[in-house]
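Heavy-atom basis, side chains included; hydrogens, waters and symmetry copies ignored.
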Amino acid sequence: MSDVFTTHILYIATGSRETVADLTGDCEEFLRQRSAGRDGLLNIFVPHATAGIAILETGAGSDDDLLAALHALLPADDRWQHRHGSPGHGRDHVLPALVPPHATLPVIGGRLELGTWQSICLVDTNKDNPNRQVRLSFLG
């Protein structure tokens, strides 16, 4: 693989509860190691049918607000056609339509160009799958 494109997989343990996991530090470390200070694009992709990537503020309640909003939009009950797993698991399969499984962000001089309060987060509402992979790819 050329040095123009490089990739790395993060292994994230999300446990048995819904979570918004901040990946910003992992993304910054990946760029420190692989970008060589170049401009380019960072793509973050979660190859799972029940998780997504969000850019939002964390630590001030927005992560909990996002989970509450998802509960309101996608209740964990028996209305879903997809019915295996935990009660209401069908909603987890609808999540990526609202919180996409990817994000692409600008990198300038080897550093993420995020806004002051923006963080890169894995959003996982699937309590049945406690381990996730997140692929980080840098195109310089």
Side-chain angles (χ1 to χ4, degrees):
M1 190 174 300
S2 80
D3 66 346
V4 173
F5 180 82
T6 184
T7 190
H8 174 70
I9 296 176
L10 299 174
Y11 297 92
I12 308 294
T14 56
S16 60
R17 52 176 245 198
E18 298 177 358
T19 190
V20 175
D22 191 337
L23 304 175
T24 310
D26 294 308
C27 293
E28 291 170 340
E29 180 61 26
F30 168 72
L31 291 171
R32 270 193 293 282
Q33 293 177 6
R34 308 281 183 94
S35 72
R38 294 175 290 160
D39 294 352
L41 296 171
L42 174 67
N43 181 263
I44 305 101
F45 176 71
V46 55
H48 298 281
T50 58
I53 299 295
I55 309 298
L56 75 155
E57 180 180 5
T58 59
S62 297
D63 33 359
D64 291 332
D65 289 342
L66 174 59
L67 291 175
L70 290 171
H71 273 279
L73 291 170
L74 305 171
D77 58 22
D78 65 355
R79 73 183 69 198
W80 307 101
Q81 298 298 313
H82 188 105
R83 292 184 182 258
H84 75 84
S86 298
H89 173 66
R91 73 167 189 132
D92 299 327
H93 287 274
V94 177
L95 173 81
L98 301 174
V99 181
H102 59 86
T104 301
L105 302 168
V107 176
I108 307 297
R111 297 179 56 108
L112 277 170
E113 284 294 303
L114 289 171
T116 301
W117 304 112
Q118 289 180 317
S119 296
I120 302 163
C121 298
L122 170 66
V123 179
D124 186 4
T125 60
N126 183 356
K127 301 178 211 177
D128 295 338
N129 188 351
N131 298 298
R132 298 299 186 159
Q133 294 180 17
V134 179
R135 178 176 294 277
L136 306 179
S137 300
F138 175 70
L139 178 62

For [X], which residues count as a salt bridge (Lys or Arg N to Asp or Glu O under 4.0 Å) partner, sequence neighbours excluded?
| X | result |
| --- | --- |
| R111 | none |
| D124 | R132 |
| D77 | R79 |

Out of curiosity, [X] [atom1] to [Y] [atom2], how far, rounded to the nearest 0.5 Å?
| X | Y | atom1 | atom2 | answer |
| --- | --- | --- | --- | --- |
| C27 | H8 | SG | NE2 | 10.0 Å |
| L122 | I53 | CG | CD1 | 5.0 Å |
| N131 | T14 | CG | OG1 | 6.5 Å |
| L56 | Q118 | CG | CD | 9.0 Å |

Okay, side chain of T24, backbone of I120: is any donor-acceptor separation there less than 3.5 Å?
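Yes, because the side chain of T24 sits within donor-acceptor range (under 3.5 Å) of the backbone of I120.
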Donor-acceptor contact below 3.5 Å, side chain W80 vs main chain P87
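Judged by distance alone, no pair lies under 3.5 Å.
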Output all residues satisfying side chain to side chain donor-acceptor pair (under 3.5 Å) with [X], sequence neighbours left out; order by chain, then residue number.
| X | answer |
| --- | --- |
| D128 | S86 |
| T19 | none |
| E29 | R32, Q33 |

Sorted by first residue and then second, give each salt bridge (charged side-chain N to carboxylate O under 4.0 Å, His left out) pair with at least one member in residues 39-56; sequence neighbours left out.
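Every candidate salt bridge (charged side-chain N to carboxylate O under 4.0 Å, His left out) pair involving residues 39-56 fails, so no pair, neighbours aside, qualifies.
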Side-chain heavy atoms nearer than 4.5 Å, only ILVMFWY residues, links allowed to pass through others: does that put [X] and [Y] together?
| X | Y | answer |
| --- | --- | --- |
| V123 | V46 | no |
| L42 | L23 | yes |
| V99 | L10 | no |
| I55 | L31 | yes |

Please evaluate residues L139 and V4 with respect to the criterion side-chain contact (heavy atoms from CB on, under 4.5 Å), reporting the C-alpha separation (whole Å), side-chain torsions for both, the decisive distance (0.1 Å), and the verdict.
CA-CA 6 Å; L139 178 62; V4 173; 3.7 Å; yes
Results of side chain to side chain contact (heavy atoms under 4.5 Å, CB included) for T58 - residues two or more places apart only
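Applying side chain to side chain contact (heavy atoms under 4.5 Å, CB included) to T58 gives D22, D63, S119, C121.
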Hey, could you give me each pair passing side chain to side chain donor-acceptor pair (under 3.5 Å) that has a residue in residues 100-110? Not counting sequence neighbours.
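Sorted result for residues 100-110: N43-T104.
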For a quick test of your reading: what N or O donor-acceptor pairs under 3.5 Å do the side chains of residues 90-98 make, sequence neighbours left out?
residue: R91; atom: NH1; partner: L74; partner atom: O; Å: 3.1
residue: R91; atom: NH2; partner: E18; partner atom: OE2; Å: 2.1
residue: D92; atom: OD1; partner: T125; partner atom: OG1; Å: 2.7
residue: D92; atom: OD2; partner: H89; partner atom: ND1; Å: 3.0
residue: H93; atom: NE2; partner: H82; partner atom: NE2; Å: 3.0
residue: H93; atom: NE2; partner: H89; partner atom: NE2; Å: 3.0

Pairwise ring-ring contact (aromatic ring centres under 6.0 Å, His included) hits with a residue in residues 10-64, at least two apart
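Of all non-adjacent pairs touching residues 10-64, none passes ring-ring contact (aromatic ring centres under 6.0 Å, His included).
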All ring pair (Phe, Tyr, Trp, His ring centres under 6.0 Å) counterparts of H71, not counting sequence neighbours
none
Minimum side-chain heavy-atom gap R38-V107 below 4.5 Å:
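Heavy-atom side-chain distance check fails, nothing below 4.5 Å.
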